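When reading the values below, keep in mind they use all heavy atoms of this one structure, side chains included, and skip hydrogens, waters and symmetry mates. Fair warning: this is a prediction, and the values are worked out from it, not measured in the lab.
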Amino acid sequence: MPILNAFYAQSGGVTSVINASACGVIETARKHPDRIGKLYAGRNGIIGALTEELIDTGAESAEAIAALRTTPSGAFGSCRYKLKSLEKNRREYERLIEVFKAHGIGYFFYNGGGDSADTCFKVSQLSQSLGYPLQAIHVPKTIDNDLPLTDCCPGFGSVAKYVAVSTLEASFDVRSMAATSTKVFVLEVMGRHAGWIAAAGGLAADQGIPVVVLFPEIEFDKPRFLARVDELVKQHGYCSVVVSEGCHYPDGAFLAEQGTRDAFGHAQLGGAAPVVAQMIKDAHGHKFHWAVADYLQRAARHIASATDVKQAYELGQRAVELALEGRNAVMPTIERTSDVPYAYTLGSAPLESVANVEKPMPRDFISDDGYGITEKCRRYLLPLIEGEDYPAYRDGLPVYVTLQNVAVAKKLPAFELA
């Protein structure tokens, strides 16, 4: 078998464990020098391939690569840059193939969510049509946990742990102050169309916390919601609310919509928490505090789930193994075999069935009243937030690695992004 080079890139919003997947890819590739020569990383994701901004991961020591497993965010830089369809923007896809040819790249590992799966699939299709041998493997990643055909997605377990812990701790704070001060705390979490992250806040109820969860899957009913909050405040003296950024009215309008779009064409969200908090204040006069978890929830490596870290690494590792097995246009998956004790195996799914498909929360994961989680959801969530995998600490702060990111010499003319 010929020795081919490989290309790895990180895409979309980064997570606290995406570097663990990178670690899995790189360490596994290094174990197969008879099949994989150099492994390049894209500087700032797929943009690095288009502009030929390649990073030589071989310049990094084994210790530095191993440290990626406990370092949050994207070590090589990520991007929100979606390639259009082959018909509308063939030049960018052809440019990718040109760069891969110039650098002897025969393996393409793209670490991201649904849009990244789509890009990976399209690149595999074009390489076949052009007769260029390239194996494109998608490495799953998304805190939204909405990729199909896999039990869960790397990044989600750690965000779920952060949200569950934050909801619990903030609720203890509110409970302490409720007699004379704040009676309602509202936490806004990510999740555009799927309420997996918000659901994690419902785990605080396990310790007796009165909590209302607002899911994207349940249309927002303002009068009913306000009545539920007031009922809980009268019963317990306080109440916490976890609202997904994707919570919306029956007409589809987001509570948090800002009227702008991101690079993928999605509505730019942010601001559901103050909207919800103010409507509670206006209706019932309850004093409130609100917070938006935002980057904190996905960057919190200090409280990452051990399950999540392990799975992120294993899926990066499995991606390389699938490529070496001759597979193409696939994504490694997690297949749960048991809730208690938690057990799973690794499988794979074709990218044509993954790209641009979102997996919402099942209705039977959401309580009948639409404001909490069921026992079935609880059984699903708990193993994913299980365990702690703390980074090393020095002087009270976690020790994270910053790679050298040595650039590879360019071989092609400059390329302007569309």
Which atom of T307 lies closest to which atom of Y342, heavy atoms considered: CG2-CE2, 3.8 Å
For the pair [X] (side chain) and [Y] (backbone), establish whether a donor and an acceptor sit closer than 3.5 Å, ignoring hydrogens and angles.
X	Y	value
S127	S124	yes
R90	Y93	no
E188	A272	yes
S338	A343	no
S305	L384	yes

So does [X] have more than 12 non-hydrogen atoms from other groups sitting under 6.0 Å from [atom1]?
X	atom1	answer
D368	CG	no
D395	CG	no
E375	CD	yes
H236	NE2	yes
E386	CD	no

Does the side chain of [Y] come within less than 4.5 Å of [X]'s, by heavy atoms?
X	Y	value
L232	V212	yes
L168	Q207	yes
Y380	D339	no
F215	S244	no
V320	F109	yes
F156	D308	no
L324	H32	yes
Y313	S21	no

salt_bridge([X], [Y]) N-O dist < 4.0 Å:
X	Y	result
D389	R301	yes
R95	E92	no
K101	E98	no
E314	K310	yes
R91	E94	no

Here's a test for you: under side-chain contact (heavy atoms from CB on, under 4.5 Å), which of L39, N5, L96, L4 qualifies with I105? N5
Quick check on side-chain contact (heavy atoms from CB on, under 4.5 Å): which of H138, K141, E358, K359 does L147 satisfy it with? H138
Aromatic ring pairing F7/F100, orientation class (parallel under 30°, perpendicular over 60°, tilted between): tilted
Parallel, tilted or perpendicular: which describes the rings of F254 and H193, with under 30° parallel and over 60° perpendicular? tilted
Show every donor-acceptor pair shorter than 3.5 Å between a side-chain atom in residues 65-79 and any protein atom, with sequence neighbours excluded, or say none if there are none.
from : atom 1 : to   : atom 2 : distance (Å)
T70  : OG1    : A67  : O      : 3.3
T71  : OG1    : A67  : O      : 2.9
T71  : OG1    : V401 : N      : 3.1
S78  : OG     : Q10  : O      : 3.3
S78  : OG     : S11  : N      : 3.4
S78  : OG     : G12  : N      : 3.1
S78  : OG     : G12  : O      : 2.7

Rounded distance [0.5 Å steps], [atom1] in [X] versus [atom2] in [Y]:
X	Y	atom1	atom2	result
E53	Y40	CD	OH	14.0 Å
Q135	R327	CD	CZ	10.5 Å
I55	Y8	CD1	OH	11.0 Å

Just do the side-chain contact (heavy atoms from CB on, under 4.5 Å) check on L417 and T51 with the steps written out, would you? CA-CA 8 Å; L417 299 176; T51 59; 4.2 Å; yes
For A205, check side-chain contact (heavy atoms from CB on, under 4.5 Å) against everything at least two apart and list the hits. V211
Given the ring of Y295, does R298 sit roughly above its face, with NZ or CZ under 6.0 Å from the centre of the six-membered ring and within 45° of the axis? yes
